[in-house]
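Written below as structure tokens is the structure these notes are about.
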Amino acid sequence: MAAVDGGEVDHLAGERATAHFDVDAMKVAWAGSRHAVEVNDRMARLVASDPVFRKDTRTMLSRKELFKDTLKKAAHAWKRIVELRLTEEEANLLRLYVDQPGYVDLHWGMFVPAIKGQGTEEQQKKWVPMAYKFQIIGCYAQTELGHGSNVQGLETTATFDPNTDEFVVHSPTLTSSKWWPGGLGKASTHAVVYARLITQGKDYGIHGFIVQLRSLDDHSPLPGITLGDIGGKFGSGAYNSMDNGVLRFDHVRIPRDQMLMRLSQVTREGKYVHSDVPKQLLYGTMVYVRQTIVADASKALSRAVCIAVRYSAIRKQFGSQAGGPETQVLNYKTQQSRLFPLLASAYAYRFVGEWLKWLYTDVMQKLEAKDYSTLPEAHACTAGLKSVTTSATADAIEECRKLCGGHGYLNSSGLPELFAVYVPACTYEGDNVVLLLQVARFLMKTVSQLASGKQPVGTTAYMGNIQYLMQCKSAVNTAGDWLNPAAIKEVFEARALRMAVNCAQNISKAPSQEEGFSELSPDLLESAVAHVQLIIVTKFFEKLQQDIIGHGVKEQLQNLCNIYALFLLHKHLGDFLSTGCITPKQGALANEQLGRLYAQVRPNAVALVDAFDYTDHYLSSVLGRYDGDVYPALYAEAWKDPLNETVIPDGYQEHLRPLLKQQLKFSRL
Ligand SMILES: CCCCCCC/C=C/C(=O)SCCNC(=O)CCNC(=O)[C@H](O)C(C)(C)COP(=O)(O)OP(=O)(O)OC[C@H]1O[C@@H](n2cnc3c(N)ncnc32)[C@H](O)[C@@H]1OP(=O)(O)O
Ligand SMILES: Cc1cc2nc3c(=O)[nH]c(=O)nc-3n(C[C@H](O)[C@H](O)[C@H](O)COP(=O)(O)OP(=O)(O)OC[C@H]3O[C@@H](n4cnc5c(N)ncnc54)[C@H](O)[C@@H]3O)c2cc1C
């Protein structure tokens, strides 16, 4: 059964009947397993059927009402999780389908992982059970008013006092105020605070500390602590449900054992001891979250695409000269060429997200065994994929709004709120440009090591084929040749390598490596994007090598994979031409093949978004309704607006009536 919350008539039945594949099997391919489909479906329906989780009036609430509503939903979700004895997997999904940013995201998503990743076993035993039972609520307080990207530039200090065996946490300047942490403003009782560790008169740089902020009795701030919310944010509803906060410390004392001591320690005497591990493990929580953000990108993108595809199949404009039916806007080639690459991207990000999760788990296992060799690649992959997928998803949500015409601009389409909630993903957890420069740094290092004969591994293994990739020319002769995965992979590898080598050569001409890197940074960004796009394309092809079951499913995924790759080729044609990987004729053939692929997707489009298996509650869009009954829903929704509570608007007597009744005459009239 497809994901429909109610409704009798299926206006999209005709669209569903034209699909050439088994939608239930595609749901399995999308979700990862039959079990995943089942548990997703069960949790989504549990949320959809619970009146406390309604969100249809969310954009009309004031900030205070919205925040209180978020507290209510979080508490109710926790109650249901406990009552129903949900597993961790089920609980995470339930929270996801509640779909309202709130302090719990940071509590589970960053506070707990920071303690698990950077706390000793003893510290984990003490703090994690309290956090798991919600006896404490935590946030991740790293960013300050003056510094976010430059973590080494943070100013908050934690100075060890050997007389009392305590750290003194202090905000020495206005710019050292913690600024942005989600959940800090109003909800959290504790925070993992990042501060400069000072002991025996020496500054040892940034370390994490657990600091209690509010009383567990009455929630008031503890002595020496000033904190509050940083104010309203972009869009109505949206991320305003989150209490992003400001925090200042005035010589706040915490016991020594509240420094997270897995990576380094301060002894009772105040001696600093650094364990034999890379100091970058301090950034481990960010690597973990960036990996989850890639999976979330496919969720947000698929949601927007689902709305735009369904509505485009319902919406009709033009095409009828003699009273016949008008054309569904989905049949316009321009609509297809804007929409189907986004559909393909949603699938591409889903599969690369799956792979990234595997990579992260693998790296974690290696770290446990004290093998740190894959850490740089894990950093580059999480940073690069976070950056490319979130930037593309933010742009795609806005494109979906435009694809829905005027109605896409209504809050009831669900798209404005989705956009407003989503766009900060380009900034939080690392600004996307800053992260791409990290990828570029990794690529430049890899290129420089090629000269010394070091064989690159993992996602940079292709660079080892430098002799061939620097001079190869694509053999594509016909549009159909672009359906060969080897032909696509070759040009993506050649493009990425040539761009990286060009950058490295130009950097080497600069007076210093640092100056060269800075001067070339716009080119380095493009080089990093080319490398990351290659990863996404490659992982999609690798997915197709796996056992994919169900009638027609593999064929559909092959089409989407080819669309994703050829769309990128078309969009970045300049790169492929300027690096000499393809000729203008081959570029034109790729575009011709794209058009053919769009035609193959067209009859399957609605079924391909049905495979995301989203409930109407989760989509919260009158345009994306499963039953396609858009117009009555739009009409009914309008009457729910508070402006329509009265026929005569408030303010009529004071401002409209006098205007309409004025007796004054302008001399010119
Ligand atoms: C589920 C939750 C819901 C989501 C809600 C979202 C809530 C949002 C939360 C937040 O935003 S929390 C705050 C996030 N803040 C950031 O992401 C800050 C971004 N900045 C950084 O990550 C770093 O400061 C930097 C940009 C990487 C620079 O750091 P630094 O100056 O220390 O390093 P470099 O000199 O550039 O590099 C040194 C060396 O270290 C390597 N490296 C850097 N980062 C990592 C890492 N995370 N893991 C492993 N290695 C790392 C880097 O590649 C360099 O290596 P070498 O070249 O020297 O080999
Ligand atoms: C909704 C939201 C939630 C957040 N939640 C949290 C949280 O829970 N905890 C927390 O600690 N933080 C949080 N943050 C903060 C977030 O992590 C930072 O805002 C983010 O890392 C970007 O840093 P910044 O604000 O200092 O940007 P800046 O670095 O000041 O960026 C400004 C501009 O400068 C450019 N720039 C900066 N450095 C360079 C460079 N080296 N080269 C080229 N260009 C550069 C950037 O590309 C950008 O265009 C949150 C932020 C938001 C928006």
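Remember, predicted model here, so these are calculated numbers, not experimental data. Remember, it's 1-based here, ligands and their atoms both numbered in the order they're listed.
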**OP:** Note the single closest protein heavy atom to atom 57 (O) of ligand 1, along with its residue, its atom name and the distance in Å.
**Re:** Arg441 NE, 2.9 Å
Subject >> Candidate with minimal heavy-atom separation from atom 25 (C) of ligand 1, of His147, Met444, Gln438, Met242 >> reply: Gln438
Subject >> Nearest atoms (heavy-atom pairs only) where Val434 meets Ser149 >> reply: CG2-OG, 3.7 Å
Original post:
Does a salt bridge link Lys55 with Asp99, judged by any charged N lying under 4.0 Å from a carboxylate O?
Top reply: yes
Subject >> NZ/NE/NH1/NH2 to OD/OE distance under 4.0 Å, Arg196 and Glu155 >> reply: no
**OP:** Return a yes/no value for Asp105: is any of its N or O atoms, backbone included, closer than 3.5 angstrom to an N or O of ligand 1?
**Re:** no
Original post:
Can you tell which of Val433, Thr143, Leu184 gets a heavy atom nearest to atom 16 (C) of ligand 2?
Top reply: Thr143
Subject >> Ligand-residue contact atoms, ligand 2 with Gly182, heavy atoms, under 4.0 Å >> reply: 7 (C), 8 (O)
Original post:
Is the closest basic N to carboxylate O distance between Glu354 and Lys357 below 4.0 Å?
Top reply: no
Original post:
Taking distance alone, with no angle check, do Arg290 and ligand 1 share an N/O pair under 3.5 Å?
Top reply: yes
Original post:
Against heavy atoms of Thr427, which atoms of ligand 2 measure under 4.0 Å?
Top reply: 19 (O), 20 (C), 21 (O), 22 (C)
Original post:
For atom 19 (C) of ligand 1, which of Pro113, Ala425, Ser149, Gly109 has the closest heavy atom?
Top reply: Ser149
Subject >> Atoms in ligand 1 with a heavy atom of Gln152 nearer than 4.0 Å >> reply: 31 (O), 32 (O)
Subject >> Protein non-hydrogen atom found under 4.0 Å from atom 33 (O) of ligand 1 >> reply: no
Original post:
Under a 4.0 Å N-O cut-off, is there an ion pair linking Glu368 with Arg262?
Top reply: yes
**OP:** Could you say whether the N/O atoms of Tyr239 and ligand 2 ever approach to under 3.5 Å?
**Re:** no
**OP:** May I ask which of Glu429, Lys445, His379 has a heavy atom nearer to atom 42 (N) of ligand 1 than the others do?
**Re:** His379
Original post:
Relative to the heavy atoms of Gln280, which atoms of ligand 1 are at a distance of less than 4.0 Å?
Top reply: 39 (C), 40 (O), 41 (C), 42 (N), 49 (C), 50 (N), 51 (C)
Subject >> Proximal atoms of ligand 1 relative to Val434 (non-hydrogen, under 4.0 Å) >> reply: 26 (C)
Subject >> Atom indices of ligand 1 within 4.0 angstrom of Val151 heavy atoms, with elements >> reply: 18 (C), 20 (N), 21 (C), 23 (C), 24 (O)
